[in-house]
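All figures in this text were calculated on a predicted structure; none of them were measured in a lab. Along the sequence shown, residues are numbered consecutively beginning with 1.
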Amino acid sequence: MIRTVESEPHVSAPVLAAYRYCEAVTGQQARNFAYGIRLLPTPKRRAMSALYAFSRRVDDIGDGALTGEVKAARLDDTRALLTRIREDAIDEDDTDPVGVALAHAARTFPIPLDGLDELIDGVLMDVRGETYETWDDLKRYCRCVAGAIGRLSLGVFGTEPGARDAERAPEYADTLGLALQLTNILRDVREDAEGGRTYLPSDDLAKFGCSAGFAGPTPPHGSDFAGLVHFEVRRTRALFAEGYQLLPMLDRRSGACVAAMAGIYRRLLDRIERDPEAVLRGRVSLPGREKAYVAVRGLSGLDTRHVSRRTVRRRV
């Protein structure tokens, strides 16, 4: 069983200020993520915002306009901060609010901080301009930048006492992270192409005549772009189906948070499946009312009960 923490002792003013900073970053930069974590109790919400703020810093270094050499140096600095957090060497009056908040979160919850090292490794792949020939190659990258986030989040959520197969919870959290990342890759295919990046496996691109890339609002001439998208959607749905087995292992509010975030991405995937070329014309998103519905559905436990029934049927 993974330990869960529902309450915390008094939090000092400097630490509260650091958490408020991280929550502001989360609210401004990650609306889908922020929408999900608002369903959590305050200690868990704060810890998740600290994880996001640190991850956002790493991503921003990778996505910035600096040279590769400077990016690598800044990622080294960020890894050094992580080492200080791991060694509990961050004082409450430290000038870095993300470091202060994450250090407190790591003392409060059993967060596997090595996952943030994996995130940095994944962003270094971006800095080096790596491309991916096969799904297995891309999966390695996705595990670094998203699967690790799933495992880190599980450190905050914990599992319910007596949850069946709880030892597999990290595996399911990792897989759910992969599903969210592959959805992101499909949604951002043109934006990434304009930035000189291609994430979809070159084997898949060649299979569907899309090796020329996605520089414009229409698919490459003679390609089966819809076939490519539907192929990747099926792969992503299989990842969601496996990762959703995490839900019955979580307490109600943590399960609602995960169901809300994953539900938003599943609905994005539905939209992409219905109109594959939409991802070439602009950014596919959900209106606020649809996100609210997903949150209510998560709080109601509908997704968790559905997964539990499906799991029982498989075992019978």
Side-chain angles (χ1 to χ4, degrees), residues 23 25-41 44-45 47-49 51-53 55-56 59 142 145-154 156-157 172-192 199 229-230 232-276 278-279 281-307:
E23 289 181 310
V25 170
T26 304
Q28 293 166 6
Q29 301 294 326
R31 293 180 181 177
N32 290 345
F33 185 84
Y35 211 92
I37 67 172
R38 71 173 62 176
L39 303 174
L40 293 170
K44 291 184 178 183
R45 189 187 70 247
M48 291 295 290
S49 71
L51 278 173
Y52 177 81
S55 302
R56 179 77 263 168
D59 286 342
C142 291
V145 300
I149 300 301
R151 286 177 268 119
L152 287 158
S153 300
L154 182 63
V156 175
F157 298 144
Y172 294 140
D174 184 284
T175 300
L176 198 54
L178 264 64
L180 269 59
Q181 183 64 22
L182 193 48
T183 303
N184 270 338
I185 287 171
L186 288 171
R187 181 194 63 187
D188 298 340
V189 65
R190 182 179 175 187
E191 180 180 328
D192 289 333
Y199 290 102
V229 170
H230 290 151
E232 303 296 349
V233 165
R234 287 192 295 273
R235 173 178 282 154
T236 309
R237 289 196 188 285
L239 293 169
F240 271 119
E242 181 179 350
Y244 260 51
Q245 294 181 70
L246 175 67
L247 290 180
M249 302 176 184
L250 305 177
D251 66 78
R252 179 174 176 268
R253 290 177 70 176
S254 296
C257 171
V258 173
M261 288 190 287
I264 288 170
Y265 278 84
R266 285 184 70 183
R267 285 174 174 266
L268 284 174
L269 196 66
D270 290 342
R271 290 192 169 211
I272 292 169
E273 183 180 37
R274 288 195 298 268
D275 184 7
V279 298
R281 297 192 297 268
R283 191 177 183 88
V284 178
S285 61
L286 296 184
R289 64 181 181 278
E290 195 165 350
K291 292 180 184 180
Y293 169 78
V294 172
V296 170
R297 182 182 174 91
L299 278 172
S300 72
L302 283 173
D303 293 316
T304 299
R305 291 195 294 273
H306 175 72
V307 173

field: side chain to side chain contact (heavy atoms under 4.5 Å, CB included) between Leu180 and Asn184, worked out
entry: CA-CA 6 Å; Leu180 269 59; Asn184 270 338; 5.5 Å; no

Atom of [X], atom of [Y] and distance for their closest heavy-atom approach:
X	Y	value
Phe157	Cys257	CZ-SG, 4.0 Å
Ser285	Arg271	O-NH1, 3.3 Å
Val156	Lys44	O-CE, 3.5 Å
Gly263	Tyr244	N-OH, 3.5 Å

- request: Mind running side chain to side chain contact (heavy atoms under 4.5 Å, CB included) on Tyr172 and Leu247 for me, showing each step along the way?
  value: CA-CA 9 Å; Tyr172 294 140; Leu247 290 180; over 6 Å; no

First locate atom [atom1] of [X], then atom [atom2] of [Y], and finally report the distance between them rounded to the nearest 0.5 Å.
X	Y	atom1	atom2	value
Met261	Ser153	CE	OG	6.0 Å
Leu246	Asp174	CG	CG	11.0 Å
Arg274	His230	CZ	NE2	10.5 Å
Thr183	Arg267	OG1	CZ	14.0 Å
Ile37	Arg253	CD1	CZ	12.5 Å
Ile264	Leu269	CD1	CG	14.0 Å

field: Arg283 side chain reached by Asp188 side chain, heavy atoms, under 4.5 Å
entry: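 Yes. Closest side-chain heavy atoms under 4.5 Å.
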
query: Going through the checks in order, is the side chain to side chain contact (heavy atoms under 4.5 Å, CB included) test met by Leu40 and Ser254?
result: CA-CA 6 Å; Leu40 293 170; Ser254 296; 4.0 Å; yes

task: Tell me, with the steps shown, if Ile149 and Leu51 meet side chain to side chain contact (heavy atoms under 4.5 Å, CB included).
output: CA-CA 8 Å; Ile149 300 301; Leu51 278 173; over 6 Å; no

message: Is the positively charged end of Arg187 above the ring of Tyr265, judged by distance under 6.0 angstrom from the centroid and angle within 45° of the axis?
response: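 No, Arg187 and Tyr265 do not form such a contact.
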
query: Can you name the side chain to side chain donor-acceptor pair (under 3.5 Å) partners of Arg190, sequence neighbours left out?
result: Glu194

